[in-house]
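All of these numbers come straight from a predicted model, not from anything done at the bench. Lettering follows sequence order; numbering is per chain, from 1.
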Amino acid sequence: MSGDHGRGDSQVNSGSKGSDSHKHKDKQQQRSLCHWRALSDLLDWNSVTSVAFSEHKEYAEKKHKDKEKPRHSDGSADRHREKHKDKDKEKRKEDKLQSLSSHPDKPKKEKENGYVRERSPAAIKSEPEDDNGFYPSPKHNRATKREKDDDEEFEYKPKKVKVEHDKKAKKRKHEYEDDEEEEVYQLNEEEEKWKWWEEERYTDGSKWRFLEHKGPVFAPPYEPLPNKVKFYYDGKPMKLSAPAEEVATFFAKMLDHEYTTKDIFRKNFYKDWRKEMTSEEKSIITDLNKCDFREMSEYFKAQSEARKQMSKEEKQQKIKEENERILQEYGFCIMDNHKERIGNFRIEPPGLFRGRGDHPKMGMLKRRIRPEDIIINCSKDSKQPKPPPGTKWKEVRHDNKVTWLVSWTENIQGSIKYIMLNPSSRIKGEKDWQKYETARRLKKCVDRIRTQYRDDWKSKEMRIRQRAVALYFIDKLALRAGNEKEEGETADTVGCCSLRVEHIKLYPKLDEQEYVVEFDFLGKDSIRYYNKIPVEKRVFKNLQLFLENKQPEDDLFDRLNTSILNKHLQELMDGLTAKVFRTYNASITLQQQLKELTCPEDSIPAKILSYNRANRAVAILCNHQRAPPKTFEKSMQNLQTKIDEKQKQLSAARKQLKAAKADHKASHDEKSRKTVEVKRKAVQRIEEQLMKLQVQATDREENKQIALGTSKLNYLDPRISVAWCKKWSIPIEKIYNKTQREKFAWAIDMAEKDYEF
DNA sequence: CTTTCGACTTAGGACGACATCG
DNA sequence: CGATGTCGTCCTAAGTCGAAAG
């Protein structure tokens, strides 16, 4: 792999500039990714051992000793699982019953009563006609139940809705949430927290009965530059027509970015820019290199500087208020009987397209979206959003089989963009929950599936072997499915099924290991995946077979694509697709790691470090990277300085304690005894502070180029984290911020400390 | 069957608000 | 109190996957 894939300053992938850091990263990644796999018994599919973090030796060693046995004789873990399998169903039944009655360890007991089916009129602006807004009755469910759900019924189907309104529950809730929640409550004051997860879901494929919203917020119109700010062509000032000027400003705003120097970017920009020019402008401007945007660029810099300056001042306040007003007006919709937050109600403003990686379309003009481009989706009986005066919507439709409120077609790829609800909404939450339930179903049959694909490695048919090897990679390495992509339309990235010969290297023997496969390719977002991993002999032989008579640019799996693979998976388990393996392996890894890493006697910060480490194991598995923060080295140094200082403080405090003790021994009076106590406390306090700093430093160092957020948000069953918090009395706020708590409200409400993924 | 489309999830980076420190 | 560092939010690109279209 070469160059920096256009990720510019991102060190993660920069090759040309930061090849050193690059290499370093590779090494690190290699170390972590391979190491743990090397150590894991081949039957031990899911363990990401703490050895992954071998850099942190004492730590690793300590934990390792503790845990080694159970982990490596993982037959035991499997047996264990096996044993529980039968019980599983029963247990779930019990769970269901139990959760209907009470949540034992919730602070201030809050169940028994609690299933509010929200009909609070306050929450509803315009009540839809009668029975229009409610979920179908259970009887009705039976008849129309989606097949897909059948298997899930057991674990996923929400409990029956029992109780009507309960104001007490509401009140209690208020008491027990901590102060910082106050705001949220005010925001949704009238609409008390709605527990959609305690209601029936739609089973007929419809997504809602009633939908009303205000439509999108458009990008502000273009404001022409003041006359004093000039554009120069070939050294001479030139006044541009408004359309040409607008596009020019897009370029000017990006002048500091490396990519404005890239050929493709410039070529694409120039081509699209010309389309906006008057014929006169076209005839004058014939060479982008003669264009001077610097004055414009300076002007924008000055402007943003000015904006920063007026922070805090009243003008800032005004802007804030205006934003709040827009949020209140456009940021919510009514779906069925509830006011729900919209995710992205602002239409993307025009600008220059910047794809990730080496994107062939970088620099193209992303055009301004007008009302005429917009399709509105809402229910017939709702108050339809009004287009801005003098304009019309492209279309207004009433399709309750989809979840979007607004859509338009974007001009770069010709794909459709949507306005949809916030992750905290019912419609997103249900789907999320369902996703984890599917992954849990995979847990139950994953052994069978693994046995089968290992068998398939021996198949007579090439396509079956390829399928089986690909599936092995998806399972073991958490690779993405890898749809084919249209060449020349997007950056050249691959996933499992689209791997090419050039992306892997085979080493019959490497260092001490046999049958090593080296992966090196760009995945989603042009993030590099680099890994060396020993595989089973049979896999290795198969790979050699697949490679025969092929060119580097040929497909590794020429008889396979995602559609074939997913069809096969569907047959193995209802609802199974390639990405379920990622979810499953991520969640199960978190659960295992938490079990392994959490020391009961640890302090809370130490436990949180363990959590972060478990989270990190998952992020490494899923290859979630980030560019190391620009200020990383410096801030690390600062932290180290602080630690050193603290250490000095500590030894000073210890000395004082010693002196005080001696003093006390000599005098035995009350006063000196007190002094000893005081000094002892001081030492203790400083020790704690030091500990905290050290933990912080370790955590940050380990996290240098690993992004935890993505897995936390998309792959880890939140109930695992919630259960862990409950088990160890860790405040949930330490793990999830406000937004995350909103998204995972369902899990926070329903998971108990003994929840098992 | 293959290709394209549509809807939805997953992803990293930019940026500004907020916290913390000297 | 201003500078600096951190964190959350916003943004929108880039995937997955099923279904429609050809």
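Atom-to-atom, CD of Q434(A) to P of dC8(B) comes out at 13 Å; the value is rounded to the nearest Å. The nearest whole Å value for the distance from the CG atom in N483(A) to the P atom in dT4(B) is 14 Å. Whole-Å rounding puts the Y418(A) OH to dA13(C) P distance at 15 Å. Between L713(A) atom CG and dC10(C) atom C1' there is a gap of 13 Å when expressed in whole angstrom units. If you take NZ of K361(A) and C1' of dA13(C), they are 13 Å apart, rounded to a whole angstrom. With rounding to whole Å, N703(A) atom CG is found 12 Å from dT6(C) atom P. In this structure, R397(A) atom CZ and dA7(B) atom P are separated by 6 Å, rounded to whole Å. In this structure, the NE2 atom of H359(A) is 13 Å from the C1' atom of dG15(C), given to the nearest Å.
T562(A) comes within 4.0 angstrom of nothing in the nucleic acid, heavy atoms only. Residue-level contact check: G482(A) touches the backbone only, with heavy atoms under 4.0 Å from sugar-phosphate atoms and none from bases. Using a 4.0 Å heavy-atom criterion, one finds that K579(A) contacts the sugar-phosphate atoms exclusively.
Ring centroids of H213(A) and F345(A) are separated by 6.0 Å or more, keeping the two rings apart. Taking the six-membered ring for Trp, F265(A) and Y259(A) have ring centres closer than 6.0 Å.
For P349(A), the listed nucleotide lying nearest its side chain is dT12(C); candidates were dC17(C), dA7(B), dT12(C). Listed candidates were dA11(B), dG8(C), dC8(B). Nearest to the side chain of R356(A) is dA11(B). Distance from the side chain of V402(A) is smallest for dC8(B) among the nucleotides dC10(C), dC8(B), dA13(C). For A481(A), the side-chain atoms get nearest to dT16(C) when compared with the rest of dT16(C), dA13(C), dA7(B). Side-chain atoms of T493(A) lie closest to dG15(C) of the nucleotides dT9(C), dG15(C), dC17(C). In the set dA7(B), dG15(C), dC11(C), the nucleotide with an atom closest to the side chain of R346(A) is dC11(C).
Both N561(A) and R480(A) lie near DNA chain B, and the one whose nearest nucleotide falls closer to the 5' end is N561(A). The 5' end of DNA chain B is approached more closely, in terms of each residue's nearest nucleotide, by K435(A) than by the other of K435(A) and S304(A). When each of G343(A) and A578(A) is assigned the nucleotide of DNA chain C bearing its nearest heavy atom, the one mapping closer to the 5' terminus is G343(A).
Q466(A) places a side-chain N or O within 3.5 Å of a backbone atom of R559(A) that can act as its donor or acceptor partner. Of the possible polar contacts, none joining the Q625(A) side chain to the Q705(A) backbone as a donor-acceptor pair under 3.5 Å is found.
At a cut-off of 3.5 angstrom, the base of dT9(B) holds no donor-acceptor pair with the side chain of K428(A).
Minimum interatomic distance between N344(A) and Y418(A) (heavy atoms only, all atoms of both residues): ND2-O, 3.0 Å.
OP1 or OP2 of dT9(B) has not a single side-chain nitrogen or oxygen of Y715(A) nearer than 4.0 Å.
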